Amino acid sequence: MYAQMVDTGLKEVRTADDMPPEERAFQARIDADIKIEPKDWMPEAYRRTLIRQISQHAHSEIVGMLPEGNWVTRAPTLKRKAILMAKIQDEAGHGLYLYSAAETLGISRDQMLADLHAGRAKYSSIFNYPTLTWADIGTIGWLVDGAAIMNQIPLCRCSYGPYARAMVRICKEESFHQRQGYDIMLAMSRGTDEQQAMAKDALARWWWPSLMMFGPSDAASVHSGQSAAWKIKLLSNDELRQRFVDQTVPQADFLGLTVPDPALRWNDETGHYDFGAIDWSEFHNVIKGNGPCNRDRLQARVNAWDEGAWVREAAMAHAEKRAAGAARAVASIQQQGRTA
Amino acid sequence: MTEFVLHASMPKIVTDLILFEYLLRLGDSPLILAQRLGEWVGKGPIVEEDLALTNVGLDLLGQARMWLAYAGEVEARCSPRGRDEDALAFHRDAGAFRNLLLVEQPNGNYADTMTRQFLFDAWHVRALQALTRSCDPRVAEIAAKGAKEASYHVERSGDWMIRLGDGTDESHAKTQSALDNLGMYTGEMFASDAIDAALADAGIGFDHAVLLAPWREHVDAVLEEATLALPAAEWMQGSGGRGGRQGVHGEHLGHLLAEMQYLQRAYPDSQW
């Protein structure tokens, strides 16, 4: 999940009795699965929550380019390099769709970026872990994109039209990302002893952070109820996490890799895998800024933005000169028309 | 080097050896430039530019792969080894690379990157267009695909030259400085050595010198709108048949390759 803790700003789920007539009409549309569009009336808390959720998601796409960019220049074959570049290009594109979707809610991309750079907006904490070997690129595709798809497929049906439509496009590309990641893992787990060691080590490091991507357990998720009522969260954190574990464990088995959880076992009664307790102190610590790469990631984004300032200023200045030139040309033609 | 001409009586193995060398020249420049563009990932001045730089890098990488794959096939015809694209990309040392000096220059700031790109693109699109008329059908086919992409690349990099040159005082100064620094690497693009001449005579390659006038006209037109100018170059690096296309490189290429080739060199027996 790329937006893992989104505060709705509401203590409890609003009921029909709490709502003025326009909000009742709004909720009725959502209940009837009619999409909310940018010009429709919406409660301020819905708008604010969506801005938080979509911008977190957009920032995750952009920050997520960094750990992968760390290996673009060292990809082991030209084909793998091309695939990785195409994937990163998709992610930049996803960031753009999502920023555009958030802009329909009345916030500018510059404001969202300023919030990111100042540490006010979050991105998925998974990107605060380092990519140490080529197997990490495989693992990110397999687990991180796998977890993202798990979350995003339901969001294709979410109540806000521009977000739902962006998700449809993004999901199509994400499934390619997951396959390429798994393909890297397949090659490495069938490879030399050194490659197998890299694959094992990568799974050991990324497994638990991937489970944390779905956010706190349902019992600890105070804001989920309202988001569910608004249909911007369609499945609970724990439901999504369980689906992810159920899907991923057989994939790890096929690779011959061991999931680093001694408590993991198939439960015939529930028809799901049981798995061990997540270390939530690590999750909260990384969210707070204490992950291995929080500072580096944010600094890299701030540097890119600051060092690019003169480029953006030049583009603006040139566009203004062009516009002024065009205006002068029009005035001159009009002047000629009057004198003729 | 002594001049020689390919002709029908020459053994096929000789023409293949020359063609192999020529294909490395065609493949290595886009490969090295794609590697440079890959260094920009996540660091562009705006997301749209990150996307565009990666897109151009991806096009160039795709072209490099086609040239190197063909080079490997030709090598197999004329020597005991026929290396594939990865063996050629990851297991040659700097002295065996045949890229232009221009493309191995470091990224610098955005003006340096865009200036390098524009000077290259304006040459590349013409070189590829010339190669679409090659009598070697594989060369013509790869060039035709690449020329379409390169015509888009030069439009984009030319637009940026105009924006940066005719933008702010700061962007103008940075871009003129980039031109002043990179101008001396452009002469190499228009110098034909014996290999180029032999392949031009055989109808496979083209005379590099004929591209100079149209390149210059294109570059000057864009730079005029950008209020910039090419420096009056007194000396061109890589002249006299001792340039990147002959395997004589600067210091930067070794570092670029150390990074690019690291995994293949550290784990040479692995399939990835």
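Below, read A as the first sequence line, B as the second, and so on, with proteins coming before strands; counting in each chain starts at 1. Remember, it's a predicted structure, so these values are computed and weren't measured experimentally.
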**Prompt:** Should M114(B) and V311(A) count as side-chain neighbours, where that means a heavy-atom distance under 4.5 Å?
**Reply:** no
**Item:** Straight-line distance of W134(A) CH2 to Y262(B) OH, nearest 0.5 Å
**Value:** 11.5 Å
**Prompt:** With a 4.5 Å heavy-atom cut-off, do Y110(B) and E307(A) have their side chains touching?
**Reply:** no
**Request:** Select, from E194(A), E313(A), M188(A), the one with the greatest count of heavy-atom pairs under 4.5 Å involving chain B.
**Result:** E194(A)
**Prompt:** For A64(B), is it the side chain, the backbone, both, or neither that has a heavy atom closer than 4.5 Å to a heavy atom of chain A?
**Reply:** neither
**Request:** Compare all side-chain heavy atoms of K81(A) with those of M260(B) and state whether any distance is below 4.5 angstrom.
**Result:** yes
**Prompt:** Does a donor on one side chain sit under 3.5 Å from an acceptor on the other, for E259(B) and T73(A)?
**Reply:** yes
**Asked** Given that the side chain runs from C-beta out, which part of D169(B) has a heavy atom under 4.5 Å from chain A: side chain, backbone, both or neither?
**Response** neither
**Asked** Which answer fits L256(B), side chain, backbone, both or neither, if we ask what part of it has an atom under 4.5 Å from a heavy atom of chain A?
**Response** neither
**Request:** Please determine, among E170(B), Q35(B), K43(B), Q264(B), the option with the most heavy-atom pairs under 4.5 Å with chain A.
**Result:** Q35(B)
**Item:** Distance-minimising heavy-atom pair for F90(B) and L78(A)
**Value:** CE1-N, 3.6 Å
**Prompt:** Top residue by heavy-atom pair count (under 4.5 Å) with chain A, among V41(B), D269(B), D166(B), I46(B)?
**Reply:** D166(B)
**Residue part contacting chain B, namely of A75(A), when any heavy atom lies under 4.5 Å** = backbone
**Request:** Please answer whether the main-chain N or O of L263(B) pairs with a side-chain N or O of R74(A) as donor and acceptor at a distance below 3.5 Å.
**Result:** no
**Request:** State whether the side chain of K321(A) and the backbone N or O of G167(B) hold a donor-acceptor pair below 3.5 Å, judged by distance alone.
**Result:** yes
**Message:** For Q271(B), is there any backbone N or O sitting under 3.5 Å from a side-chain donor or acceptor partner on R190(A)?
**Reply:** no
**Request:** Can you establish whether the number of heavy atoms outside R295(A) located under 6.0 Å from its atom CZ is more than 12?
**Result:** no
**Request:** In plain terms, say whether E320(A) and R163(B) are close enough for a salt bridge, that is, a side-chain N and a carboxylate O under 4.0 Å apart.
**Result:** no
**When Q195(A), R322(A), M316(A) are compared by non-hydrogen pairs under 4.5 Å with chain B, the top option** = Q195(A)
**Request:** Considering non-hydrogen atoms only, spot the tightest contact between R80(A) and W272(B) and give its length.
**Result:** NE-O, 2.6 Å
**Message:** Looking at every non-hydrogen atom in both residues, tell me the closest pair between G42(B) and A304(A) and how far apart they are.
**Reply:** O-CB, 3.9 Å
**Message:** Does anything in residues 47-62 of chain B reach chain A? List residues with heavy atoms under 4.5 Å apart, or say none.
**Reply:** V47(B), E48(B), D50(B), L51(B), T54(B), N55(B), G57(B), L58(B), L61(B)
**Request:** Side chain from CB out, backbone as N, CA, C, O: work out which of these in M198(A) comes under 4.5 Å of a heavy atom of chain B, or both, or neither.
**Result:** side chain
**Fill in**
In terms of heavy-atom pairs under 4.5 Å with chain B, the winner among N303(A), T77(A), T192(A), T133(A) is T77(A)
**Request:** State, to 0.1 Å, how close R65(B) and A82(A) come at their nearest heavy-atom pair, and which atoms those are.
**Result:** NH1-CB, 4.1 Å
**Request:** Pick one of side chain, backbone, both or neither for W40(B), based on which atoms fall under 4.5 Å of a heavy atom in chain A.
**Result:** neither
